[in-house]
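Right, one structure below, let's go through it.
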Amino acid sequence: MARIVGIDLGTTNSLIAYMDGKVPTIIADADGHRLVPSIVAYTPKGLQVGDTAKEQLTRHPERTVYSVKRFMGKGLSDVQDELQYFPYRLTEQAGVIQIHIGNKALTPPEISAMILKELKSRAERFFGEEIRKAVITVPAYFNDSQRQATKDAGKIAGLDVMRIVNEPTAAALAYGLQKRKQGLIAVYDLGGGTFDISILKLKGGIFEVLATNGNTHLGGDDFDRRLMEVMLEEIKTTHGTHIKKHPELAQEVRVRAEQAKCRLSSEKEVSVEVPLPEDGGTYRRVFSREAFEAMVTDLIEKTLSPTRKALVDAGLSAADVDEVVLVGGSTRMPLIRQRVEALFGKPPHCELNPDEVVALGAAVQASILAGGIQDMLLLDVTPLTLGIETMGGVMSSLVRRNTTIPTSAKEMFTTFVDGQTSVDIHILQGERELVKDNRSLARFQLKIPPLPAGVPRIEVTFMIDANGILSVTARDVRTGEAQSIDVKPSYGLSDQEVERMIHESYIFAQQDIKERQRIEAVNEAQSILRATDKALARVAETQDLTTSEEQEAIRQSAAELRQSLTGHDHRKIRQAIEALNRASSPLAERLMNHSLQDALKDKKLSQMP
Ligand code: AMP
């Protein structure tokens, strides 16, 4: 079996790891650097990645791309709120973001691929052999298109992505928590710019994501900024040096602030020195851990409310959680450890390097796939319901939200009108009853031979693989003709949108159900009316099957059913359908005997446009 590496493709930094026997291990470069900054810069020497690109960040912000992970699998309209944070230029082509860097326009997967290539060549130098297979981690809330974009990045980098794994699951694996076979695990991940909390359930060695929450713009950078603001203010008042006149000072102070913050995680007190421009002397200041903690306590508080919310969503209380895992460089701060411990009532796991746990866990997963570690499967769940459009604009669900993946589902559909020569398969995602309120993921057509309405049998299969990627197949059962599609939606969804969609499905539940019931009743009425018209035309030819009274009664019931369709009450429509069925069933039976089975047949299958 070829070697499989584990990769943490992070917002700020990326890492690559492998299994050294039974021990997951980070692969460093020749200089001993373990992290590759997730930064790509356009320089006169061409595109640079990692540490060299990071050096460009302050000098040439317009041609240095960072945080590209925020754009993976998204369209421009999805990231409007993000744009304020980025100096580089973004446009959109065919629903995919293009990032302009130097004279090039690159997609987020192309830029991520450069970071992956850097990691790949680091591993190749280390092993002295080509590396082609990898496991890559993504946040638990990543949707189909964000996962697919990550896989694409791997492909562009020349990697066969064997599995996309959720970051919190990887963190739990790094601590070997799968060995306990069952339990509830909270993964608290505070990095440089993002906060994620995930609640996992481990059962029979299988991980399931029960809930996620977080803040996409909260992290270590905010802690740095608090120190920086104090420092810049004091530099202005005591030394008269103004940042407006010396913009380069901001960068200098930012670097010193971050260093001071990191040191305060292990020291009680640090002294900071900043040489000031134009012989302005040196700014000197001592910060105590206590004073620093007072500056940032509200920021830490901002991570605890999403944590509590995730627990509520998972239907748990903090005390139910068996293990707490800390991920991300910022969790080195003692106050964070204390607050997390106080919330859960147990000390969190922090023995491993919090910057590295995700990559280490990816290596564990890689080893499981390669057969090095057996007896374990890793599963996640679908964040939103998936289904297809049926007549009248209602969604028919095939895979319910929170279904454990990989999964598959099959359902039979039929046509609505006679002689239909194709069916439209419109794939949807969302919790609402009507198509218009859900997200359209993709559509395709299946050609079918013309037959009376309700006769064709179209089998639709949804398959979601372990990476959360959906393939949909529609097959005409008679002819065996089939069409499929791998869903790779051009627009992504943020976790807030997922939340909004779920929330709205609760708010509009009653009104949605009513409308769905009305549409379904109308569809059924229309099928029955068409069948009735056909049957009446047929008996006009055969004469001796019916009396004129019977025909009149059927016509009368049909007219009443048509009348009921103008109202909004599905119950009235159902009553009228039943009345027509009562009036026409003796005739239907006689017609059946005349081998016209299809004419008045009750329509049991949902129909497709
Ligand atoms: P990550 O994105 O997980 O690599 O986390 C990076 C963040 O962790 C940055 O904001 C760092 O400043 C922060 N960080 C790294 N080491 C420490 C430390 N010892 N104490 C506090 N924050 C740290």
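In listed order, ligands and their atoms are each counted from 1. Here the structure is a predicted model, which means the values were calculated and not measured. Numbers for residues simply follow the sequence, beginning at 1.
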So is there a nitrogen or oxygen of M333 less than 3.5 Å from a nitrogen or oxygen in ligand 1? no

Any donor-acceptor pair under 3.5 Å linking the side-chain atoms of Q148 with those of D152? yes

Would the F344 and Y188 ring centres measure less than 6.0 Å apart? no

Is the shortest heavy-atom distance from the side chain of I185 to the side chain of V324 under 4.5 Å? no

Nearest to atom 23 (C) of ligand 1 by heavy atom, S265, G329, A257: which? G329

Identify the closest protein heavy atom to atom 6 (C) of ligand 1: which residue and atom is it, and at what distance? G192 N, 3.6 Å

For S330, atoms of ligand 1 separated by under 4.0 Å from a heavy atom: 7 (C), 8 (O), 13 (C), 22 (N)

What's the shortest distance from atom 16 (N) of ligand 1 to any protein heavy atom, and which residue and atom give it? R332 NH1, 2.9 Å

Under the 6.0 Å and 45° cation-pi test, does R285 pair with Y283? no

Heavy atom of the protein closest to atom 4 (O) of ligand 1 (residue, atom name, distance): D355 OD1, 3.2 Å

Heavy-atom contacts with T12 under 4.0 Å: which atoms of ligand 1 show up? List them by number with element. 2 (O)

Per-atom contacts, ligand 1 versus E258 - under 4.0 Å to a heavy atom: 9 (C), 11 (C), 12 (O)

Should Q98 and H100 be marked as a side-chain hydrogen bond (donor to acceptor under 3.5 Å, both in side chains) after you check the CA-CA gap, both sets of side-chain angles, and the distance that decides it? CA-CA 6 Å; Q98 306 277 322; H100 293 257; over 6 Å; no

Looking at every non-hydrogen atom in both residues, tell me the closest pair between S112 and M72 and how far apart they are. OG-SD, 3.3 Å

Any idea which atoms of ligand 1 are less than 4.0 Å away from a heavy-atom of N13? 4 (O)

Do we see a donor-acceptor contact under 3.5 Å between the side chains of E55 and T52? no

Within the 4.5 Å heavy-atom criterion, are P334 and S265 side-chain neighbours or not? yes

For D224, is at least one N or O under 3.5 Å away from an N or O on ligand 1? no

Should one rank K261, Q259, R263 by closest heavy-atom distance to atom 22 (N) of ligand 1, which comes out on top? K261

How far is atom 17 (C) of ligand 1 from its nearest protein heavy atom, and which residue and atom name does that atom have? C262 SG, 3.4 Å

Enumerated ligand 1 atoms positioned under 4.0 Å from heavy atoms of G328: 3 (O)

Cation-pi check, R63 onto Y88 ring (under 6.0 Å, within 45° of axis): no

